[in-house]
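Step one of this worksheet: look at the structure below.
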Amino acid sequence: MFPDFRKFETTLAGRPLVVETGKMAGLAGGSCLIRYGETEVLCTATMSAKPREGVDFFPLSVDFEEKLYSVGKIPGSFQRREGRASEKAVLCSRVIDRPIRPLFPKDMRNDVGVVATVMSVDPDCLPEITAMIGVSVAISISEIPWDGPISGVSVGLVEGKFVINPTEEERAKSDMAVTVASTADLVAMIEAGANEVDNETMFDGIMYAHKVNQEVVEFIKMIQKEVGKEKIPFESQEVPADMFEAVKDFAIDDVKAALDTDDKRIRDERLKPVYEKVHEKFDEVYPEQAEKIDECLYKLQKFVVRRWLLDENKRVDGRGINDMRPLDAEVDLLSRVHGSGMFTRGQTQVLTVTTLGTISDAQLLDGLDSETSKRYIHHYNFPSYSVGETRPSRGPGRREIGHGALAERALLPVIPSVEEFPYTIRLVSEVLSSNGSTSQASVCGSTLSLMAAGVPIKAPVAGISCGLVTEGDRFMTMVDIQGLEDFFGDMDFKVAGTKKGITAIQMDLKIHGLTPAIIKEALSKTYDARCKILDEVILPCIAEPRKELSKYAPKMLTTKIDPEKIGDVIGKQGKVIQKICSECDCKVDVEEDGSIFVSALDIENAKRAITIIETIANDPEVGAIFRGIVTRLMSFGAFVEIAPGKEGLVHISKLDVKHVDKVEDCVAVGDEVIVKVVEIDDQGRINLSRRDALIEIEGLTPEDDGESERRPSRGRGPRRGGDRRDRR
């Protein structure tokens, strides 16, 4: 049935890694089903027969497709089918894209589509790692020109030891989660999150993963040798050398003059007449290739910038190689939000806004892993005006999702736990102006915003990027790259962290990979730079998180009750909890373990709600005083509700400081009265005393006639509750 079926097996981190070819997706250019443990991903790679017309880039698409049947779930959407890619799927697509893209010919214009379809998930074997290896196999055995293969693994740090592809249990305890992709010789991609891990440990972990990757690359090369197709020639779209040299000789001095400024707007204005002058000169010389003149000018700018850096240690804006652009930080820019901070680095400017919500505001997730919700959310917006362009907003693209996730990962290690700070936290980074490394500016702006909002972060975090220019064995790195250095350089190495250590890394490359020396130098330079940002800009602006929240932020109190009492707190059809929320103008979230979260704009309302809930869930303490509502009158006394569903009896002898002949003479149904708990009998019945409460609270004596009682305004909660609140 399948004469070309082949099966290849090896082990990776002690688990079987199996690649099957020749059985599925036979019409794709290259395909394989890869099994790692019980995680199974179908990977395909296909190239169009002809180049796409009218493009000046390599059109590669990478899609990581999550199928919820892979984890035995039915999608929660109305249609009950998978819709647009989740943010996790987009991030996985990007992490696969980054190491494979530089290995395709830069002058190829044929569309290439790579698809990794997740069909089964073993929680101990990450599908994105499995997919990365599978994609490498699919492209390698296809006819598509490619300078691979690559391999990717995850490395964790568990109890001080590096672990390759840690299991789900190990990932929960790991101090870092680093994905490393490699070619046979070089590190091709790094994506990292870490709990303030120092440079040396991070470097050692990367190299440890790189060594394992090299073994997997040899395995893939063996598969390619066995079943790989011959690579086909393609129609090169490279600019003719004579055309580029002619444009270079004609315009290089003008291009140098235009680029030599620290202002992006001035640079763009200076380049306009240069483009016009070159087109006027060469449109008639190359009538059939006029569209490539702009590409010649792009290459010429790249040539100038790279020669300045490599030969003269000169940057377009005149800075030194390790100098950052002018920095500025500011907080409290917006009046009604819970926290705001703006960070400016040269012409890159990001404003981050913090919003605090209740626990029920946490984002629900419907994905392949065990994470079902998250309470810390970071969104990143990149409007067209930030780069001086006009285009309609169509929602976040892959880049925005990726940058938001990077900033989220950078700050997650310093976000307080839900026990320390029982809020859902949403950050929104608005890019106001962009000239390089907005993702790391959003990290800095977010630190400012969080501290201004009063979120007790464990340490401030800053982020910075490091660039690279290579030529043969020569290389040089520079910190705080601006737009041109990103476009024309070879690397954007983003590192975020505290003074103690790294919290996140993302490395984008335009070359095949990095040597250990380059990685070590980039880690060192970014550490020095982020410490400078923290010491000279962020901490002088706001030294520590504010002790109080904004008056517009909800105030949160928590308590914990016996889970068996949850039904009493909620009440039949939710009536009890609805009554609490209405009377106390608050919101109450109840967790399955008995944790109660109460939020209100007025902290006193939150305290009242907590008191009511604790009263319902627990027998009140003898001596506690409450405001209650008279619910029933009997000849021997009055029943008073001190909390929804919780009543006690005030005996007629305890109704007032004076003698009472009839209960009706003293109170009526619906009256609000203050009462004191004087006894809880063996059957759990609560005995109350209005008389004792009046003596203690109002200062009355048995000789008073009771007319001096000051009737409090309607509302629940003890008049004397401070000592009870102090126990939480």
Side-chain angles (χ1 to χ4, degrees), residues 559 568-569 571 575-576 579-580 582-586 602-728:
T559 189
D568 296 337
V569 172
K575 290 183 179 179
V576 172
K579 187 174 182 181
I580 295 172
S582 175
E583 290 190 4
C584 299
D585 191 20
C586 67
D602 186 341
I603 189 65
E604 294 304 320
N605 285 340
K607 289 179 179 178
R608 289 173 54 210
I610 286 286
T611 298
I612 294 171
I613 290 167
E614 289 183 341
T615 303
I616 295 171
N618 309 302
D619 288 332
E621 295 178 357
V622 173
I625 294 178
F626 296 89
R627 295 180 189 273
I629 300 295
V630 178
T631 57
R632 290 179 290 157
L633 301 183
M634 309 296 288
S635 60
F636 51 83
F639 284 94
V640 175
E641 183 185 61
I642 59 175
K646 181 86 66 172
E647 286 186 340
L649 172 66
V650 181
H651 191 268
I652 190 171
S653 64
K654 301 289 186 180
L655 272 176
D656 208 341
V657 294
K658 65 179 182 178
H659 176 73
V660 177
D661 291 322
K662 292 183 179 181
V663 174
E664 294 86 348
D665 293 340
C666 186
V667 294
V669 172
D671 279 357
E672 179 184 87
V673 294
I674 54 174
V675 292
K676 182 176 182 178
V677 179
V678 293
E679 180 189 21
I680 300 175
D681 65 20
D682 294 340
Q683 299 180 36
R685 293 177 299 193
I686 302 170
N687 291 319
L688 305 171
S689 172
R690 180 169 177 263
R691 177 179 182 274
D692 290 354
L694 290 171
I695 291 172
E696 182 169 338
I697 298 299
E698 304 294 346
L700 300 181
T701 66
E703 289 74 28
D704 289 317
D705 61 7
E707 293 301 321
S708 61
E709 177 181 347
R710 297 184 297 278
R711 299 280 182 182
S713 60
R714 264 185 117 71
R716 303 276 184 104
R719 288 285 295 271
R720 184 200 59 160
D723 56 338
R724 302 186 76 239
R725 298 283 66 71
D726 290 343
R727 292 200 305 276
R728 282 194 300 284

Pairs under 3.5 angstrom only: tabulate donor-acceptor contacts from the side chains of residues 646-653 to other protein residues two or more places apart or in another chain.
from   : atom 1 : to     : atom 2 : distance (Å)
Lys646 : NZ     : Thr615 : O      : 3.4
Lys646 : NZ     : Ile616 : O      : 3.4
Glu647 : OE1    : Arg632 : NH2    : 3.0
Glu647 : OE2    : Thr631 : OG1    : 2.7
His651 : ND1    : Ser653 : N      : 3.1
His651 : ND1    : Ser653 : OG     : 2.9

* Asked: Among all residues two or more places apart in sequence or in another chain, which pass the side chain to side chain contact (heavy atoms under 4.5 Å, CB included) test with Val678?
  ->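 Side chain to side chain contact (heavy atoms under 4.5 Å, CB included) check on Val678 returns Asn687, Ser689, Asp692.
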
Tell me the closest heavy-atom pair linking [X] and [Y], and the distance in Å.
| X | Y | answer |
| --- | --- | --- |
| Leu633 | Val630 | CD2-CG1, 3.7 Å |
| Ala638 | Val663 | CB-CG1, 4.2 Å |
| Val677 | Ile680 | CG1-CG1, 4.3 Å |

* salt bridge (charged side-chain N to carboxylate O under 4.0 Å, His left out) partners for Asp681, two or more places apart ->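 For Asp681, the residues satisfying salt bridge (charged side-chain N to carboxylate O under 4.0 Å, His left out) (neighbours in sequence not counted) are Arg685.
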
* To do: For Glu604, check salt bridge (charged side-chain N to carboxylate O under 4.0 Å, His left out) against everything at least two apart and list the hits.
  =>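 Lys607.
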
Could you tell me if the side chain of [Y] sits less than 4.5 Å from the side chain of [X], heavy atoms only?
| X | Y | result |
| --- | --- | --- |
| Lys579 | Val576 | no |
| Arg691 | Asp656 | no |
| Asp602 | Cys584 | no |

* **Lys/Arg-Asp/Glu bridge criterion (N-O < 4.0 Å) met for Arg627, Glu583** =>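 No, this pair does not count.
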
* Is the backbone N or O of Leu655 less than 3.5 Å from a side-chain atom of Arg690, with the two atoms forming a donor-acceptor pair by type? ->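 Flag set: sc Arg690 to bb Leu655 pair under 3.5 Å.
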
* Asked: Sequence neighbours excluded, which residues qualify as side-chain hydrogen bond (donor to acceptor under 3.5 Å, both in side chains) partners of Asp661?
  ->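 Partners of Asp661 by the side-chain hydrogen bond (donor to acceptor under 3.5 Å, both in side chains) criterion, ordered by chain and then number, come out as His659.
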
* **Set of residues satisfying side-chain hydrogen bond (donor to acceptor under 3.5 Å, both in side chains) with respect to Asp568, sequence neighbours excluded** =>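 Asp568: no side-chain hydrogen bond (donor to acceptor under 3.5 Å, both in side chains) contacts found.
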
Can you tell me how far the [atom1] atom of [X] sits from the [atom2] atom of [Y], to the nearest 0.5 Å?
| X | Y | atom1 | atom2 | value |
| --- | --- | --- | --- | --- |
| Leu694 | Lys676 | CG | NZ | 11.5 Å |
| Phe639 | Ile686 | CZ | CD1 | 11.0 Å |
| Ile580 | Ile613 | CD1 | CD1 | 4.5 Å |

